[in-house]
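All remarks here apply to the structure that follows.
Both counts, for ligands and for their atoms, begin at 1 and track the order of listing. Keep in mind that the numbers below use all heavy atoms, side chains included, and drop hydrogens, waters and symmetry copies.
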Amino acid sequence: MSTQKKNQNEERVYIFDTTLRDGEQAPGASLNTEEKMKVAAQLEKLGVDIIEAGFPAASPGDFEAVEKIAKTLKKTVVAGLSRAMRKDIEACAKALRSARRRRIHTFISSSDIHLKHLFRKSREEALAAVADAVKCARNFADDVEFSAQDASRSDLDFLCRMIEAAIKNGARTVNVPDTVGYAIPTEYGHMVATLKNRVPNIGKAVISVHCHNDLGLAVANSLSAIRSGARQVECTINGIGERAGNASLEEIVMVLKTRHDLYPYHTGVDTKELYKTSRLVSTLTGFMIQPNKAIVGNNAFAHESGIHQDGMLKYRQNYEIMTPESIGVPESRLVLGKHSGRHAFKKRLEDLGYNLPPEAIDGLFAKFKDLADKKKSVYDEDIEALIEEKIASSREIYQLTYLHTSAGTTTLPTATLKLKKGEEESEEAATGDGPVDAVFNAIDRATGFKGKLENYALKALTQGKDAQGEVTVTVAVNGDEAHGRGVSTDVIEASAKAYLNAVNKLLLKHTAKSAKAAFDIQKGLKL
Ligand code: KIV
Ligand code: ZN
């Protein structure tokens, strides 16, 4: 097993994270501005080189998110995507104007399929559009990236001409995406090698790759491209993205680290932040991570069979090629129990990185005591869930005051609950085809909201029969959707909290919309 020693002469592979742009394009993954800012802050901590924060011309929401992220990030380059069109590039430049370090990323397709059936342009017209777009972008930023969409299905000679034109007009990074996830590793590596050999000015730009995972080859293709000379990889946390997703950032970074013998390059990523970043993206998007997902799945470091466990005890490297600590998997330590005092609780909060004012600690300590009465062992994950709930509840329009359910094999499942909205309280009861359905129906009645449940998932937050359940839901109304999360030792209560969390987000979203749109939606929501 190799360890990564940083050699000063070693080349760097730049990590371009597109979780907030391509990742967010995954059906059902939409994030609000505040959530995007949280992800961006964590990506900066992770140490990625470039964060593609969105597509400013696509919607006012995207514009706002890029603008706010650009204002807050300190060292990471913030990129915005734009079609090869003046109005997109101007929107991008405007959204990025307060960034300390900005990049305009502009694209047009290079494949005949796209040029004919998507852009309705000839090859010559496309080359002219590349030159205009890159020149225009250079008026607003020194750092300009050009992408030849669908590069992997393009005529190689024409692709070389397009890349040459982009560099000639000022692109510093040239990206050749496998947009539809069609390429295989040898072929994709060959494409990058051809650019290196044939494009006369290629030395003036960094070659970037951007692979989709339709055939499950996104990571393999990216790695093959690195061996052929690509020095920027575009990827997303947990591999989320359009259709089957993008190349997974954590997998690429850990291959570079673990197989440093074959990939003698370094990145700026602090791998100890990978697990935390993956969890954050999963929680905020509502996309659960499959247990066997490489690097960040729950089973990625679990050794189940007797032979493997025995082998691990004898010598860890018998079955372990990287350690859970290297990606920052927290040791699920038993931290506190019902006899723990405020002092121990405060110390644990500090160890977890939360320096909170005394009033906040008091509130959390009371919640911790309630929890410790319900479950014997309180883990770090439980404490973090309490903090997240406290932060979320301060913004919730509706809060859950109480909840009762009755269900069983011979009774009609019924839920009774009370919600609070400012000074107003509403109490409702409803039945359903199970206790969770009854709770959701009662919430709909109490809020006058008619949400459609698109997705529901339940998992245990920690080990043990008394573990808290974590419920994530996706709720849709009038074409808008939001994710909600709730945690409790009682899974019905966790479900209620998750559903209410999503409803509150939708209400906030709608309140922020224009007066006419809000009016139309309010009619539907009976606010
Ligand atoms: O997949 C793709 O081609 C893209 C480009 C816009 C970079 O996402
Ligand atoms: Zn893409």
Side-chain angles (χ1 to χ4, degrees), residues 14-27 29-30 48-59 62 66 77-85 88-89 91-92 103-115 117-119 121 126 129-130 133-134 137 143-154 158-159 162-163 166 171-183 187-188 191-192 195 205-219 221-222 225 230 232-249 252 285:
Y14 294 99
I15 300 295
F16 177 113
D17 179 278
T18 182
T19 307
L20 295 175
R21 200 277 298 168
D22 218 331
E24 213 242 356
Q25 280 172 222
S30 68
V48 305
D49 297 287
I50 304 109
I51 293 176
E52 187 163 53
F55 189 165
S59 71
D62 254 48
V66 176
V77 175
V78 183
L81 184 68
S82 60
R83 287 167 296 183
M85 294 164 85
D88 273 32
I89 294 168
C92 207
R103 173 179 294 187
I104 296 181
H105 177 193
T106 186
F107 76 97
I108 196 168
S109 294
S110 51
S111 70
D112 290 333
I113 302 182
H114 278 204
L115 287 180
H117 301 288
L118 193 61
F119 287 89
K121 280 193 193 305
V130 172
V134 174
D143 186 352
V144 171
E145 170 169 338
F146 169 72
S147 283
Q149 187 177 230
D150 207 18
S152 56
R153 290 194 301 166
S154 305
F158 179 64
L159 179 65
M162 189 176 263
I163 294 300
R172 289 195 178 164
T173 305
V174 284
N175 183 36
V176 280
D178 182 26
T179 303
V180 291
Y182 180 71
E187 180 185 30
Y188 196 61
M191 179 185 78
V192 169
L195 294 177
V206 171
I207 301 180
S208 168
V209 287
H210 174 118
C211 298
H212 280 269
N213 206 28
D214 300 65
L215 292 172
L217 293 172
V219 169
N221 283 336
S222 308
Q232 175 179 286
V233 182
E234 305 198 355
C235 42
T236 61
I237 298 294
N238 301 334
I240 63 168
E242 282 272 358
R243 308 180 309 277
N246 289 61
S248 141
L249 182 150
I252 288 172
T285 56

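Sorted by chain and number, the protein atoms of type N, O or S within less than 2.8 Å of the Zn ion (ligand 2) are Asp22 OD2, His210 NE2, His212 NE2.
The side-chain heavy atoms of Tyr188 and Leu217, taken from C-beta on, include no pair separated by under 4.5 Å. Side chains of His114 and Arg153 form a contact here, defined as non-hydrogen atoms less than 4.5 Å apart. Using a 4.5 Å cut-off on side-chain heavy atoms (C-beta onward), Glu145 and Glu234 make contact. Counting heavy atoms from C-beta on, the side chains of Phe146 and Ile108 come closer than 4.5 Å. A heavy-atom distance below 4.5 Å is not found between the side chains of Asp49 and Gln232. Counting heavy atoms from C-beta on, the side chains of His105 and Ser82 never come closer than 4.5 Å. A 4.5 Å side-chain heavy-atom check between His210 and Phe107 finds every atom pair outside the cut-off. You'll find the side chain of Met191 stays beyond 4.5 Å of the side chain of Asp178, heavy atoms only.
On a distance-only criterion, Asp150 and ligand 1 share no N/O pair closer than 3.5 Å. In terms of N/O distances under 3.5 Å, ligand 1 is not approached by Glu234. Looking at ligand 1, you won't find any N or O of His105 less than 3.5 Å from one of its N or O atoms. In terms of N/O distances under 3.5 Å, ligand 1 is not approached by Asn175. Checked against a 3.5 angstrom limit, the closest N/O atoms of Ser147 and ligand 1 fall outside it.
Looking only at heavy atoms of the protein, atom 4 (C) of ligand 1 is closest to His210 NE2, 3.5 Å.
Remark: side-chain polar atoms of Ser208 are not paired, donor with acceptor, to backbone N or O of Asn175 under 3.5 angstrom.
There is a side-chain donor-acceptor pair under 3.5 Å between Ser111 and Asp150.
The backbone and the side chain of Thr179 each have at least one atom closer than 4.0 Å to an atom of ligand 1 (non-hydrogen atoms only).
The heavy atom nearest to atom 8 (O) of ligand 1, out of those in Arg21, Gln149, Glu242, Glu52, is found in Arg21.
For Gln25, the closest heavy-atom approach to ligand 1 does not fall below 4.0 Å.
Remark: ligand 1 atoms within the under-4.0 Å shell around heavy atoms of His212 are 1 (O). Listed by atom number, the atoms of ligand 1 under 4.0 Å from Pro177 heavy atoms are 2 (C), 3 (O).
Between Ser154 and Ser110, the shortest heavy-atom distance links the atoms OG-OG, 2.7 Å.
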